[in-house]
Structure formats: structure tokens, C-alpha cells
Amino acid sequence: MRTQVAIVGSGPAGLLLGHLLHRAGIANIILERHTAEHVLGRIRAGVLEQGTVEVLDRIGVSARLHDEGLVHDGVEISVQGERHRIDFRSLIGKTITVYGQTELTRDLMDARAALGLPAVYEAEVVSVRGHDSGRPVVEYRRDGKLHELECDFVAGCDGYHGVSRRTVPAARLKVYERAYPFGWLGLLADVPPVADELIYANSERGFALCSMRSRTRSRYYIQCALDERVEAWSDDRFWDELRRRLGEDVAGRIVTGASLEKSIAPLRSFVAEPLRHGRLFLAGDAAHIVPPTGAKGLNLAASDVYYLAEALEAWYRTRAESELDRYSERALRRVWGAVRFSWWMTAQLHRFPDEPEFASRIQRAELDYLFRSRAAQEALAENYVGLPY
Ligand code: RFL
Ligand code: PHB
């Protein structure tokens with residue numbers, strides 16, 4: 001088999017890149033390790049930046065998003081039960097859209113199928129070679145047999161645990177990493193959200209987040225210890241703990257119900273540079289991870305592939321390497337902006353075990369400044385809705 005661009009991974013990065021390339025007349029094949037149903041079963045992101053929505057508009061895959069997605073003008077930050085609203089629209093004239101990653105992935109998969117574009121599921125890429133010599137070959141296993149896909153370029157969109165980044169010798173990657181001393185325990189339930197907007201809560205008992213997928217489906221998170229086991233958390237225990245981290249008025253309005261899903265995710269920041277290795281390009285979670293506090297992971301996957309598609313398009317037009325060379329730097333500039341913001345949100349809103357009292361007083365002073373200063377609120381708003389591409 002042969003194609004122009006082999007895309008490893010059918011998450012948001014891979015699917016979005018496939019569409020962008022197709023619109024530029026560039027043939028591509030997606031290879032995905034799991035079944036489409038498995039990919040759609042993962043409960044992940046929920047917040048889309050305005051820039052992400054604009055990219056989806058451009059490729060014509062946003063009809064359902066505009067029908068069903070919830071446009072939010074701001075978020076609330078609750079500190080010890082006291083709520084403060086950050087009004088994006090009045091501060092900077094922008095908004096965010098709440099639309100689940102699952103739904104977005106489904107829209108992208110359906111649109112790809114409708115266009116008849118190839119995606120091979122249950123195809124696990126086991127190696128990428130030849131990207132340094134200019135003749136890349138992607139080897140994958142399907143039905144117990146090994147197959148080869150020859151291509152001009154490989155896009156490694158295979159997430160943090162994928163094979164693409166591991167293909168690159170360690171000496172050629174510079175890795176920056178920070179592990180946070182806690183995780184998030186998340187619960188999804190078919191109950192109406194407690195408020196119209198997201199509530200990020202800093203409380204003595206730890207962080208909590210009230211989010212949603214629709215007007216009838218809620219997503220809640222609470223900060224937990226890294227060694228916490230999800231089996232130790234009955235639904236009742238989760239709801240009790242969540243209520244204790246919110247102010248009385250919000251806690252009193254929470255509608256509880258049986259969980260559809262419950263899981264624990266550790267929090268970390270991770271960047272592996274550069275994003276170009278000959279004819280192999282890394283994009284999305286394959287190259288970087290941010291803690292979910294800033295709601296940035298999916299949005300960075302979108303901006304990476306936006307830049308990558310532009311660079312590949314320029315190469316097919318001119319055969320000049322300059323845009324391909326620029327991809328890593330352009331994408332990483334935006335990535336580091338989001339790494340900083342996600343780290344900042346995480347640092348302001350969580351309880352850090354064994355933290356010296358000085359650090360917690362600085363955290364309080366930082367939040368106090370945020371609620372008093374329009375400039376500080378504008379800075380938060382600008383980053384939360386997404387820095388420009
Ligand atoms: P994905 O989604 O992990 O997709 C990678 C795909 O590659 C496949 N794969 C392979 N395929 C073939 N061969 C191999 N050898 C392969 N190895 C792996 C995998 O099966 C998979 O299908 O990466 P991508 O596309 O880069 O997308 C990144 C986003 O999924 C991620 O950043 C976000 O979910 C992060 N995130 C959030 N991002 C936001 O922008 N806003 C949010 O509100 C938000 N909330 C979250 C989040 C992530 C969370 N978790 C679970 C880590 C909330 C949580 C709890
Ligand atoms: C979510 O709805 O899953 C969500 C929302 C905001 C975040 C992280 C996750 O910051």
C-alpha cells in the first residue's frame with residue numbers, strides 16, 4: 001500500500017489532520033490500533049476553544065457542534081465556597097464551546113466515512129522506519145499479520161503511549177516533564193449540570209470541577225491522591241466528597257445519580273522537542289501532555305495539526321522544505337503557552353500535599369489579585385479561550 005501521508009492514530013489530532021489534508025488534495029490513510037467504538041468510548045475533553053471551532057467550521061464538520069454544543073460566556077472560580085465569575089465575553093469578546101471529545105470524534109469519523117477516505121481500525125503500528133532517508137515505511141499488524149504502508153510523510157498522532165515518539169532515539173529528543181502529586185477522579189452521570197457554566201473550585205479538601213456534556217449529562221472531577229483506587233469510590237462517596245468541596249448553595253443544588261463512568265487520571269506536564277524528525281512529525285498528545293485544569297489538550301492537538309497541514313500543503317505545492325522546518329517551532333510556541341497556563345491553573349486551584357504555608361499564602365494572594373484585577377481576569381480569559389494561532 002502507498003499513500004502521501006500516513007497518519008498514525010484516529011484521535012482528534014489524526015482525524016482532523018486527515019480532513020485538512022484531504023481539503024488540500026493530499027491523500028492520507030489513518031491507521032488506528034483500536035476499534036472505532038473503543039476510541040469513541042473514551043471519556044475525555046469537554047471544552048473547545050474558539051480557534052478549534054473555527055478550524056472545524058472551515059472543514060465543514062461543525063453542524064452538530066453548533067446545534068448541540070453549549071456556548072459559554074465565562075467560568076466560575078470558587079474559593080472556599082465563595083464564587084467569582086470570569087466573564088470572557090465582556091472581558092475580551094470571546095467564548096468557549098462545551099462539546100464532548102467523544103462527539104467531536106464521532107463527527108470527524110462520520111465525515112471521513114462519508115467522503116470515502118480510508119481509515120484502518122485494529123491496525124497497530126509497530127514501527128516507523130526510513131523517515132530519515134526520505135522513504136518512510138509504516139509497519140502495522142492487523143489480523144495477526146504484518147503489513148507495510150509506504151508514504152511521503154508520517155504524522156505521529158498516536159497519543160502519549162503511541163509508537164511514533166518512541167521511534168525517535170532518546171538522544172534526539174529533549175524532554176521537559178513535571179508530575180503533579182495528585183490525580184483527578186472523574187464521574188460522568190445523566191443528571192442536569194449544577195450550573196449553566198463550569199465551576200472550578202479550590203477548597204481546603206482539594207480541587208473540584210463541575211463540568212458538563214449537555215443539559216442532561218454532567219461531568220464532575222475531584223482531586224485525589226495518586227495512589228487512590230477507583231474501586232474505593234462508590235458513587236455516594238464521590239457525591240459526598242464533591243459537595244464538601246463546593247459552597248453550600250452549589251452543594252445543595254447538585255443532582256446526583258448513578259455514574260456512567262468513573263476513572264482516575266494522573267496530572268502531568270510533558271513536552272518532547274522537536275516535533276520534526278526527518279519525514280516523521282509528532283502532533284497532539286504524542287508530543288505533549290498538559291494537566292486538564294486548563295482544558296487545553298484537545299485544543300493543542302487541533303492547533304498542531306493545523307500548522308502541520310499548512311506545512312505539508314506548502315511542500316506539495318513548492319517542494320521547498322522551509323515550511324516543514326518551521327512546523328516544530330510554530331506549534332511549540334503555542335504549546336508552551338498552554339503548558340504555562342495549564343501549570344498556572346493547576347498551581348492556583350489544587351491543594352499540594354506537604355506544601356509549606358508560604359506557598360499556600362502565595363496561592364491565596366494570587367487568587368485575591370485575580371478577583372480584584374481586571375487585567376488579571378483578562379489574562380485568564382485570553383488564555384482560557386485560547387491564544388491566537
Ligand atoms: P489521543 O486522543 O490519545 O489519540 C491517539 C490515538 O492513537 C492511537 N494509537 C495507535 N494507533 C495505531 N498504532 C499505534 N501503535 C497506536 N498507539 C496509539 C490510540 O488508540 C488513539 O486512538 O491523542 P490526540 O489525537 O493527540 O488527542 C489528544 C486529546 O485526546 C487529549 O489531549 C485530551 O483528551 C486532553 N483533555 C482535554 N483537552 C481539552 O482540550 N479540553 C478538556 O476539557 C480536556 N479534558 C483531557 C480532559 C484529558 C483527560 N484525560 C483522561 C487524560 C480531561 C481528562 C480527564
Ligand atoms: C471536562 O468537561 O471533561 C473538562 C472541562 C474542563 C476542564 C477539564 C475537563 O478543565
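Counting starts at 1 for both ligands and their atoms, in listed order.
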Which bit of [X] is near ligand 2, meaning a heavy atom under 4.0 Å away: side chain, backbone, both or neither?
X: A295; value: both
X: R213; value: side chain
X: V98; value: neither

Inset, instruction - For the residue pair L308 and L20, establish whether any side-chain heavy-atom pair is separated by less than 4.5 Å. - result: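 Not touching, per the 4.5 Å side-chain cut-off.
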Under a plain distance cut-off of 3.5 Å, with no hydrogens placed, do [Y] and [X] share a side-chain donor-acceptor pair?
X: Y306; Y: R334; value: no
X: R219; Y: Y221; value: yes
X: S269; Y: Y176; value: no

Considering non-hydrogen atoms of the protein only, which is the closest contact for [atom], and what is the distance?
atom: atom 25 (O) of ligand 1; value: A13 N, 2.9 Å
atom: atom 10 (C) of ligand 1; value: R33 CB, 3.7 Å
atom: atom 52 (C) of ligand 1; value: A265 CB, 4.5 Å
atom: atom 37 (C) of ligand 1; value: A45 CB, 3.1 Å
atom: atom 26 (O) of ligand 1; value: D285 N, 2.9 Å
atom: atom 3 (O) of ligand 1; value: R44 NH1, 3.0 Å
atom: atom 40 (O) of ligand 1; value: L298 N, 2.7 Å

Which bit of [X] is near ligand 1, meaning a heavy atom under 4.0 Å away: side chain, backbone, both or neither?
X: Y140; result: neither
X: S263; result: neither
X: E32; result: both
X: V126; result: neither
X: H38; result: neither
X: S211; result: neither

Would you mind running through ligand 1 and noting each atom that sits below 4.0 Å from a heavy atom of [X]?
X: Y221; result: 53 (C), 55 (C)
X: Q101; result: 2 (O), 29 (C), 30 (O), 33 (C), 34 (O)
X: N299; result: 40 (O)

Inset, instruction - Check whether any heavy atom of R44 sits under 4.0 Å from an atom of ligand 2. - result: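 The answer is yes, since R44 has a heavy atom less than 4.0 Å from ligand 2.
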Inset, instruction - Consider ligand 2: state whether an atom of it lies below 4.0 angstrom from any non-hydrogen atom of W184. - result: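 Flag set, W184 near ligand 2.
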Legend entry - Atoms of ligand 2, numbered as shown, that sit under 4.0 Å from any heavy atom of V47: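 Per the distance check, 5 (C), 6 (C).
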Inset, instruction - Determine, considering heavy atoms only, which of T102, L15, L300, V125 sits nearest to atom 13 (N) of ligand 1. - result: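 Residue with the shortest heavy-atom distance to the ligand atom: V125.
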Legend entry - Heavy-atom donor-acceptor pair, D158 side chain to V8 backbone, under 3.5 Å: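 Between the backbone of V8 and the side chain of D158 there is no qualifying donor-acceptor contact (under 3.5 Å).
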Based purely on interatomic distance, does [X] place a nitrogen or oxygen under 3.5 Å from a nitrogen or oxygen of ligand 1?
X: V8; answer: no
X: P292; answer: no
X: H161; answer: no
X: G297; answer: yes

